[in-house]
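Worksheet: the structure to be examined is printed underneath.
Per chain, numbering begins at 1; letters A, B, ... match sequence-line order. All of these numbers come straight from a predicted model, not from anything done at the bench.
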2 protein chains.
Amino acid sequence: MADVARLAGVSAQTVSRTLSGHPNVREHTRAKVLAAVEELGYRKNDAARMLSSGRSRTLGIVVFETMFYSRSAVTVGVEHAAHRAGYSVSAVTVSSLDSTAIQDAMTRLSEHNVEGIILALPLVQVNKGIEDLTRTIPTVCTDGSRTPSTHVVTVDQTMAARLATEHLLSLGHETVWHVSGPESWLEVGGRTKGWREALEEQGRFVPPALQGDWSPASGYQNGLIVGRIPDVTAVFVASDEMAFGVIRALHELGKRVPEDVSVVGVDDIPLAEYCSPSLTTVAQPFESIGERAVERLIAAIENPSSAAQTETIEPSLIVRSSTSAPA
Amino acid sequence: MADVARLAGVSAQTVSRTLSGHPNVREHTRAKVLAAVEELGYRKNDAARMLSSGRSRTLGIVVFETMFYSRSAVTVGVEHAAHRAGYSVSAVTVSSLDSTAIQDAMTRLSEHNVEGIILALPLVQVNKGIEDLTRTIPTVCTDGSRTPSTHVVTVDQTMAARLATEHLLSLGHETVWHVSGPESWLEVGGRTKGWREALEEQGRFVPPALQGDWSPASGYQNGLIVGRIPDVTAVFVASDEMAFGVIRALHELGKRVPEDVSVVGVDDIPLAEYCSPSLTTVAQPFESIGERAVERLIAAIENPSSAAQTETIEPSLIVRSSTSAPA
DNA sequence: CCGCCAGGGGCGCTGAGGATA
DNA sequence: GTATCCTCAGCGCCCCTGGCG
């Protein structure tokens with residue numbers, strides 16, 4: 001930067017102002033500086049800027065290490081929104097959901113001087129370290145879970161389950177079976193609740209819920225179970241990936257979808273539309289979640305005194321061909 | 001840090017040495033320092049460390065903004081390997097493959113003082129800016145494409161195509177049709193080449209290649225085409241996601257897979273095993289690619305004089321139930 | 001002489017205040 | 001007085017030199 005200043009015949013300070021869009025710089029000077037920057041191939045040094053200004057303009061995101069669509073989608077939304085707002089994002093993945101792993105990830109992020117953190121995973125257990133961190137650094141969680149000081153941007157999971165269940169009931173099914181995710185995930189509770197409520201409101205039998213772990217394989221295992229139970233005509237599966245597994249199992253058992261059994265998933269992954277049959281599912285607006293999370297986070301950074309808030313986004317049912325009236 | 005030093009009754013320098021695992025620190029002193037760190041909740045400041053030492057211990061990765069499985073998988077491998085080696089990674093996504101977008105992304109990374117860059121996308125076009133950057137900063141590309149100074153870690157795409165094609169021929173199919181990806185992607189060229197060679201070697205008819213854009217929708221469109229052509233009994237599709245679309249189209253046209261038409265994909269996404277029928281595919285070891293890319297990158301960082309090298313990883317055929325002998 | 005530690009200088013940048021027109 | 005620019009003093013840490021046992 002000193003070199004640039006020398007070449008442009010100005011002070012380092014003026015170069016700094018020019019580069020950060022500061023007002024009081026004459027057009028002529030600015031042009032000279034820019035020319036010098038160009039000629040010298042100068043690149044600003046974020047580390048120095050951060051050290052000096054105390055601001056990093058960086059957001060951190062903690063993602064659970066899975067190959068699932070939802071994680072990528074949220075991340076894409078986060079990066080877009082952050083970039084638009086002039087922030088960069090640094091991500092760390094955790095391979096476990098226990099509190100020490102998450103605390104560790106958050107600590108690493110805080111050492112990178114992030115100004116805020118997005119937790120793109122369920123806060124299954126919270127320890128003191130995490131609570132302290134969330135008090136120090138603005139944090140938003142994209143799952144229903146939270147500490148007292150985290151903001152939340154999430155999808156209304158209860159509604160998602162109601163949409164799916166009511167759709168199946170309205171088609172004429174007597175009741176709806178359910179393959180849920182791991183119960184430690186908070187969103188799973190919401191889905192199970194919505195499913196149960198929808199059934200109870202119409203006075204239907206509430207079957208025991210089966211449980212998977214989000215993997216297609218676990219969907220397959222559970223499909224092998226429900227497929228063997230007589231009278232099962234409708235299944236609400238808590239994720240599209242598991243729904244694929246369920247459908248596969250049903251096929252193997254000689255049941256056709258949707259003629260014999262209707263299946264509804266959750267997520268609306270890109271392949272949902274292109275499997276056979278195409279999957280009726282409840283779409284979660286992952287990218288919007290990421291974007292809203294960033295907006296809320298930046299608001300919290302700029303106004304640290306604001307109280308923790310919860311924002312809920314509504315999911316929407318997408319009817320395709322894995323559901324129909326029972327035979 | 002000064003506070004910690006005061007509390008521990010040592011100099012800041014000693015604290016620094018303790019924290020960075022420097023040898024010459026007495027066990028007793030180290031314990032005192034660690035206690036003080038704990039008590040004060042001190043966290044090291046990466047920005048200052050970076051500025052002072054000139055090393056950021058950060059790797060950059062440029063990923064193409066897609067929700068595709070490969071993107072997440074490579075990223076996971078990169079993060080793992082980087083973390084293991086004591087590096088952190090900062091990612092930026094680009095939504096276009098043109099050279100200015102990529103140059104821009106690399107510049108952003110260089111401003112973050114990354115010590116090396118992984119290009120997890122095809123270098124469709126290279127401009128001077130990118131070339132300069134790759135000369136300044138060690139770079140590895142996970143696609144076949146490259147500038148003179150980039151290292152390459154990639155899957156042998158020609159072999160992938162041969163594996164798929166030869167598998168189908170060995171099953172007794174007369175010839176194999178092909179749905180490729182966008183031809184600007186270098187790996188697409190390799191796949192098309194391998195497919196063609198495998199056919200020619202056995203003196204088979206080489207049908208015109210159809211072209212998709214990686215999306216399931218484009219697979220569907222192409223499936224609608226090949227499905228209408230008489231005598232088509234085998235199709236090699238350049239990605240699993242497109243293969244899903246192709247199969248869907250075939251179903252709609254009343255063709256059964258694999259009885260009427262055999263289909264092979266590439267990638268081995270998690271759902272490949274759980275669709276109906278499960279998909280025969282050529283697995284690409286994405287995580288290994290990410291890991292190897294990091295290892296190579298770190299080697300290049302530590303030994304900047306080393307010449308650019310290309311490392312090729314072999315793909316493997318996974319036979320499932322979307323392929324069989326022709327009727 | 002070696003093992004351990006303290007102090008000074010500086011990394012590249014920005015914020016505050018003063019100088020110049 | 002106002003617009004424009006400059007000088008100065010660090011931000012928190014690590015490298016180097018040197019002093020103490």
Checklist entry - Got A:Ile313 and A:Val153 here, is their nearest side-chain heavy-atom distance under 4.5 Å? => result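 The answer is yes, as the side chains (C-beta and beyond) meet within the 4.5 Å cut-off.
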Checklist entry - So do the side chains of B:Glu79 and A:Val92 get within less than 4.5 Å of each other, counting heavy atoms only? => result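 No, their side chains stay 4.5 Å or more apart.
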Checklist entry - Can you tell me how far the CD1 atom of B:Ile137 sits from the CD1 atom of B:Ile117, to the nearest 0.5 Å? => result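 If I round to the nearest 0.5 Å, the distance is 4.5 Å.
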Item to check | Pairwise distance CG(B:Leu109) to CG(A:Asp46) - rounded to 0.5 angstrom | outcome: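 The CG atom of A:Asp46 is 10.5 Å from CG of B:Leu109, to the nearest 0.5 Å.
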Item to check | First of B:Ser53 and B:Val10 reached from the 5' end of DNA chain C, by closest nucleotide | outcome: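 Looking at DNA chain C, the more 5' nearest nucleotide goes with B:Val10.
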Item to check | Those residues of residues 11-43 of chain A lying under 4.0 Å from DNA chain C by at least one heavy atom | outcome: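 A:Gln13, A:Ser16, A:Tyr42 - these, ordered by number, are the residues of the stretch whose heavy atoms sit under 4.0 Å from the strand.
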Checklist entry - With distance as the sole criterion, is a donor-acceptor pair present between the side chains of A:Gln125 and A:Ser99 under 3.5 Å? => result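 Short answer, yes.
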Item to check | Side-chain donor-acceptor contact under 3.5 Å, A:Ser11 with A:Thr14 | outcome: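 Yes - a donor-acceptor pair under 3.5 Å links their side chains.
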Any sub-3.5 Å donor-acceptor pair from [X]'s side-chain atoms to [Y]'s backbone N or O?
X: A:Ser20; Y: A:His22; result: no
X: A:Thr58; Y: A:Ser56; result: yes
X: B:Ser96; Y: B:Val94; result: no

Item to check | A:Glu311 CD: over 12 foreign heavy atoms closer than 6.0 Å | outcome: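 Yes, enclosed.
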Can you give me the N/O atom pairs linking the protein to nucleotides 18-20 of chain C at distances under 3.5 Å, or say none if there are none?
none

Checklist entry - With sugar-phosphate meaning primed atoms plus P, OP1 and OP2, does B:Met1 contact a base, only sugar-phosphate, or nothing at under 4.0 Å between heavy atoms? => result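 Sugar-phosphate, no base atom in range.
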Item to check | Start and end of the DNA chain D segment that chain A contacts, any atom under 4.0 Å from a heavy atom | outcome: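 It runs D:dT4 to D:dG12.
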